[in-house]
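Here is the structure we will look at.
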Amino acid sequence: KAIAMKKIENSFCVSGFIGQDATIREFQNASVARFSLAVSHGEKDKEGKVQYTSAFVNLEAWRKNEAKSSFDILKKGTLITCQGYLKPETWTGEDGKERNRINWVVTKFYPAEEIEQGKKG
């Protein structure tokens, strides 16, 4: 009996503040912008006070060279929303050992809407 597998969507959507101006590398047909995003999540503690946990996520966005002007908003302190997918990468280090990591590849990014603290939209 075959088991039906649900399609699992490999995607993310995250909002946060850009940690530093994006580093942009140009290639023959495309450019990549690499940047970090400060993200946080609030949870109530036992006393009901919200405690925030923050982290930096490293992201990369690719654009054809003629569209790389979209990278102009990737400046330190800008609040943006990013959508994309997770891409595993494997390579051999100089020591001959295999390494791997998960790249957060951004397919869409745009200014995030500011949300007032304590209010739900």
Side-chain angles (χ1 to χ4, degrees):
K1 184 176 177 182
I3 298 173
M5 296 287 288
K6 285 187 178 178
K7 182 180 178 202
I8 298 171
E9 190 68 32
N10 173 6
S11 64
F12 68 83
C13 182
V14 63
S15 296
F17 291 95
I18 295 177
Q20 59 190 16
D21 291 358
T23 302
I24 299 169
R25 287 184 61 198
E26 290 184 34
F27 300 97
Q28 189 170 346
N29 297 314
S31 295
V32 61
R34 291 190 171 95
F35 58 99
S36 61
L37 201 65
V39 297
S40 64
H41 178 73
E43 289 187 21
K44 288 185 180 177
D45 61 16
K46 292 176 185 169
E47 290 79 40
K49 188 175 177 188
V50 178
Q51 298 291 329
Y52 287 93
T53 304
S54 297
F56 280 95
V57 183
N58 294 316
L59 304 167
E60 66 180 39
W62 290 84
R63 294 291 179 268
K64 290 184 175 172
N65 285 333
E66 57 268 23
K68 72 177 184 212
S69 64
S70 64
F71 292 157
D72 292 350
I73 71 164
L74 302 178
K75 301 290 183 200
K76 181 177 180 174
T78 305
L79 177 62
I80 64 170
T81 297
C82 296
Q83 293 176 286
Y85 62 94
L86 303 173
K87 180 182 177 186
E89 181 180 24
T90 304
W91 72 98
T92 302
E94 291 179 15
D95 59 3
K97 292 184 180 177
E98 191 172 278
R99 306 258 195 277
N100 59 61
R101 69 176 167 210
I102 302 291
N103 284 335
W104 293 52
V105 181
V106 176
T107 54
K108 289 171 74 174
F109 56 88
Y110 45 88
E113 291 182 28
E114 296 255 11
I115 299 170
E116 287 186 47
Q117 292 293 328
K119 289 191 177 178
K120 300 219 176 204

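Just so it is clear, the model here is predicted, and its values are computed rather than measured.
- The CZ atom of Arg63 sits 13.5 Å away from the NZ atom of Lys68 when rounded to the nearest 0.5 Å.
- The two residues Lys76 and Asp21 have their closest heavy-atom pair at N-OD1, 2.8 Å.
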Pair Tyr110-Ile73, side-chain contact (heavy atoms from CB on, under 4.5 Å): steps then yes or no: CA-CA 8 Å; Tyr110 45 88; Ile73 71 164; 5.7 Å; no
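- What you find for Ala61 and Phe35 is that their closest heavy atoms are CB-CE2, 4.4 Å.
- Of all non-hydrogen atoms in Tyr52 and Ser40, the two that sit nearest each other are CD2-OG, 4.1 Å.
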side-chain contact (heavy atoms from CB on, under 4.5 Å) assessment of Thr90 paired with Glu98: CA-CA 7 Å; Thr90 304; Glu98 191 172 278; 3.4 Å; yes
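- Judged purely by atom type and a 3.5 angstrom limit, Asn10 uses its side chain to pair as donor or acceptor with the backbone of Leu86.
- Atom CD of Gln20 has 12 or fewer neighbouring heavy atoms from other residues, nucleotides or ligands inside a 6.0 Å radius.
- A distance of 5.5 Å separates CD1 of Ile80 from CG of Leu37, quoted to the nearest 0.5 Å.
- Residues Val39 and Gly16 come closest through the heavy atom pair CG1-CA, 4.5 Å.
- For Thr81 against Ser15, the heavy-atom pair with the smallest separation is OG1-OG, 2.6 Å.
- In terms of hydrophobic clustering, with Ile, Leu, Val, Met, Phe, Trp and Tyr side chains grouped at heavy-atom distances under 4.5 Å, Leu59 and Phe56 are assigned to different clusters.
- Remark: Glu66 CD is packed, more than 12 non-hydrogen atoms of other residues, nucleotides or ligands lying under 6.0 Å away.
- The two residues Trp62 and Ala30 make their nearest non-hydrogen contact at CE3-CB, 4.3 Å.
- Considering CD of Gln51 and NE2 of His41, their distance stands at 12.0 Å, rounded to 0.5 Å.
- Annotation: Arg99, atom CZ; neighbour count of heavy atoms from other residues, nucleotides and ligands within 6.0 Å is above 12.
- Judged purely by distance below 3.5 Å, without hydrogens or angles, the side chains of Asn65 and Ser31 pair a donor atom with an acceptor atom.
- Under the 4.5 Å side-chain heavy-atom criterion for Ile, Leu, Val, Met, Phe, Trp and Tyr, Val57 and Phe12 are members of the same hydrophobic cluster.
- The aromatic rings of Phe109 and Phe71 sit parallel, their planes meeting at an angle under 30°, below the 60° perpendicular limit.
- Val32 and Ile102 fall into different hydrophobic clusters, where Ile, Leu, Val, Met, Phe, Trp and Tyr side chains are chained together by heavy-atom contacts under 4.5 Å.
- In this structure, Leu74 is not a member of the same hydrophobic cluster as Leu79, with clusters built from ILVMFWY side-chain heavy atoms closer than 4.5 Å.
- With hydrogens and angles disregarded, a donor-acceptor distance shorter than 3.5 Å links the side chain of Asp45 to the backbone of Glu47.
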